[in-house]
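All remarks here apply to the structure that follows.
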Amino acid sequence: MIRYIRRAAALLLLLLVALLVNAARIQVFQADELDDNPANRRNSIARYDQPRGEILVGDRPVTGNRDSGEQLTFERTYLHGPLYAPVTGYASQTYGTTLVENAEDPVLSGTDPLLAPLPFWNEFTHGRQPGGDVATTVVESMQRAAYDGLGGRRGAVAALDPTTGKILALVSTPSYDPERLSGTGSAVADAWARLNASTSRPMLNRAIRQTYPPGSAFKIVTAAAALDARVVTDADAATDTPSPYVLPGTTTTLPDEASGCGKASLAEAIRVSCNTVMAHLGVETGLRRMVETAERFGFNDTGLRIPSGVAKSNFDTEMSDDQLALSSIGQFDTTATPLQMAMVAAAVANGGDLRRPYLVDRVATHDGDTVSRRQPESYDRPMSPSTAVQLQRMMVDAVEDGTGANAAIDGARVGGKTGTAQHGLDNSGTPYAWFIAWAQARDSGRPAVAVAVVVEDASADRTDISGGGSAAPIARSVMEAALDR
């Protein structure tokens with residue numbers, strides 16, 4: 001009898017061991033797979049069971065939360081949603097997250113270890129802390145000036161603090177209200193379908209995710225390369241460039257819309273925006289030096305994050321001389337985001353030192369205790385300090401007595417460069433209007449802001465009229481807001 005009891009006990013022990021092994025397999029080895037299974041709603045229920053942390057502009061939240069009364073309890077709300085959508089992105093129970101809502105999701109959802117009271121606390125407790133807050137670098141007055149200036153036209157504005165890299169404004173229009181996508185159900189699905197079907201593409205962040213031919217605004221890059229390469233040793237001396245200019249190796253002539261460009265100096269070419277001089281200087285500088293300079297400004301960088309990913313701005317690394325000539329005036333395959341062109345202006349304003357752009361200033365717990373703060377850092381040095389000083393003078397001349405007159409501000413030193421980028425089959429598309437600029441108070445030792453504006457649907461009768469007429473006034477409004485801080 002005892003023998004049978006022992007056998008039964010052994011069998012029960014074996015079954016117990018099997019159960020423990022299976023429990024360990026499920027809870028330890030298959031935990032991540034089960035957590036990620038779409039049929040498992042526990043993570044979603046837990047994720048939305050507490051309010052999400054706030055995104056701040058200044059010290060004020062531009063996001064919020066509301067109790068939906070549904071199984072997924074808290075839905076995201078947005079204050080002035082269309083104004084800040086290019087910064088915040090959306091946090092949707094149906095479609096996920098984008099932009100800062102995505103890049104800082106661990107903080108906002110309370111899972112980031114930085115928010116825990118002790119190291120490895122979340123791992124041991126398998127819990128989450130109250131959502132932390134993310135303070136952005138955006139300045140409300142500048143954001144509004146950019147948004148109101150665009151007036152719903154297709155376009156974008158990016159503004160930087162040249163000495164730190166802080167992004168002071170990031171606007172893309174037409175915009176949308178991310179709150180419409182926050183929850184679940186047919187209303188959210190209908191809003192998603194309408195937004196994606198719209199020809200104006202309101203959910204496209206044109207400031208960091210769309211690239212455009214920069215046109216004549218790119219001439220600042222070409223000028224920096226030519227000066228540093230000593231192709232130009234005297235910016236006020238006449239060049240040997242005819243107008244029109246025959247592209248190397250072809251019979252195609254490149255004309256000038258501005259008058260007086262034949263043999264014009266570099267300074268004059270920047271002031272009135274001569275295509276011929278700048279195309280010729282790009283060829284004389286050479287492909288290698290042009291590529292090196294463009295890449296030090298940020299072109300061809302596929303890893304730039306602010307913390308959201310930024311589309312690569314392009315400057316081809318292999319070109320014939322005729323293609324290089326066109327690329328040197330911001331045409332051919334040269335493309336740039338508005339943020340990239342703001343970086344160009346910022347490098348000039350900051351004496352040749354380009355600071356890495358960033359959008360998140362600090363991260364704090366729900367109680368307001370700062371747990372991390374971003375420190376400014378150098379991105380690269382695209383030009384020598386002496387070249388930067390010369391370009392500052394040329395850009396100031398372009399505003400005070402050239403194509404950028406609409407950006408002038410009383411009591412401030414303003415430098416700018418207009419641009420009108422041709423595109424479409426045989427350049428049949430309406431030109432993109434560009435303006436890049438920086439501003440510095442007369443009594444200040446440092447620049448206040450660098451800005452880039454692009455307007456897609458501007459009207460132009462000739463090169464640079466559109467940039468000066470359509471984009472420069474928007475830049476002026478943003479710079480005035482920066483100077484008034």
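Between the side chain of Asp133 and the main chain of Val363, no donor-acceptor pair closer than 3.5 Å is present. In this structure a side-chain-to-backbone donor-acceptor pair under 3.5 Å is missing from Thr337 to Ala311. For Arg153 (side chain) and Gly149 (main-chain N/O), a donor-acceptor pair under 3.5 Å exists by modelled atom type. A donor-acceptor contact shorter than 3.5 Å links the side chain of Asp177 to the backbone of Glu179.
Taking CD1 of Ile208 as the start and OG of Ser313 as the end, the distance is 11.5 Å to the nearest 0.5 Å. Note: Thr317 OG1 to Met290 CE = 13.0 Å, rounded to the nearest 0.5 Å. The distance from atom CD of Glu140 to atom CG of Leu168, rounded to the nearest 0.5 Å, is 13.5 Å. Residue Ile270 holds its CD1 atom at 11.5 Å from CD of Gln390, rounded to the nearest 0.5 Å. Atoms OG and CG, on Ser477 and Asp148 in that order, are 8.5 Å from each other to the nearest 0.5 Å.
At a cut-off of 3.5 Å, with distance as the only test, a side-chain donor of Glu54 or Thr63 sits close to an acceptor on the other residue. Checked by atom type, the side-chain pair Ser265/Glu268 shows no donor-acceptor distance below 3.5 Å. Using modelled atom types, one finds no donor on one side chain facing an acceptor on the other under 3.5 Å when comparing Tyr212 with Gln340. Checking Asp322 against Thr250 by side-chain atom types alone, no donor-acceptor pair falls below 3.5 Å. Checked by atom type, the side-chain pair Asp256/Thr276 shows a donor-acceptor distance below 3.5 Å. A donor atom on one side chain and an acceptor atom on the other are found under 3.5 Å apart for Ser216 and Lys219. At a cut-off of 3.5 Å, with distance as the only test, no side-chain donor of Asn205 or Ser172 sits close to an acceptor on the other residue. There is a side-chain donor-acceptor pair under 3.5 Å between Ser384 and Ser386. Judged purely by distance below 3.5 Å, without hydrogens or angles, the side chains of Ser273 and Thr403 never pair a donor atom with an acceptor atom.
Using a 4.5 Å cut-off on side-chain heavy atoms (C-beta onward), Asp236 and Met394 make no contact. Between Thr136 and Asp361, the closest side-chain pair of non-hydrogen atoms is not below 4.5 Å. The shortest side-chain heavy-atom distance between Val62 and Leu56 does not fall under the 4.5 Å cut-off. Counting heavy atoms from C-beta outward, Thr199 and Arg154 have side chains that stay 4.5 Å or more apart. Side-chain contact between Thr334 and Asp316: absent, with no pair of heavy atoms (C-beta onward) separated by less than 4.5 Å. Looking at Thr241 and Lys263, their side chains never come closer than 4.5 Å, going by heavy atoms from C-beta outward.
Taking a cutoff of 4.0 Å between a charged side-chain nitrogen and a carboxylate oxygen, Asp161 and Arg485 do not qualify as a salt bridge. Under a 4.0 Å N-O distance rule, the pair Arg271/Asp401 qualifies as a salt bridge. Of the charged side-chain nitrogens involved, at least one lies within less than 4.0 Å of a carboxylate oxygen, so that Asp353 and Arg355 count as a salt-bridged pair. Using a cut-off of 4.0 Å between Lys/Arg side-chain N and Asp/Glu carboxylate O, Arg413 and Asp443 are scored as not salt-bridged. Residues Asp301 and Arg296 are not paired through a salt bridge, judged by the lack of any N-O separation under 4.0 Å between the basic side chain and the carboxylate.
No more than 12 heavy-atom neighbours from other residues, nucleotides or ligands sit within 6.0 angstrom of CZ on Arg201. Annotation for Asp240: atom CG counts as buried by contact number, over 12 foreign heavy atoms lying within 6.0 Å. Residue Glu318 qualifies as open at atom CD: its count of foreign heavy atoms under 6.0 Å is 12 or below. Environment of CG in Asn196: crowded, with over 12 heavy atoms of neighbouring residues, nucleotides or ligands closer than 6.0 Å. Residue-environment remark: CZ (Arg60) stays at or below the threshold of 12 foreign heavy atoms within 6.0 Å.
What you find for Asn275 and Leu254 is that their closest heavy atoms are O-CD2, 3.9 Å.
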Quick one: do Ser175 and Thr173 satisfy side-chain hydrogen bond (donor to acceptor under 3.5 Å, both in side chains)? Show the steps, please.
CA-CA 5 Å; Ser175 189; Thr173 57; over 6 Å; no
Evaluate side-chain hydrogen bond (donor to acceptor under 3.5 Å, both in side chains) for Thr335 paired with Asn314, printing each intermediate quantity in order.
CA-CA 5 Å; Thr335 57; Asn314 183 72; 4.9 Å; no
Could you go through the side chain to side chain contact (heavy atoms under 4.5 Å, CB included) check for Val221 and Val344 one step at a time?
CA-CA 7 Å; Val221 177; Val344 170; 3.9 Å; yes
Under the salt bridge (Lys or Arg N to Asp or Glu O under 4.0 Å) criterion, do Asp410 and Arg442 qualify, and how do the steps go?
CA-CA 10 Å; Asp410 290 340; Arg442 295 286 184 186; over 6 Å; no
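Both tests pass for Arg374 against the ring of Tyr358: distance under 6.0 Å to the centre and angle within 45° of the axis.
If you look at Phe315 and Phe218, their ring centroids are closer than 6.0 Å.
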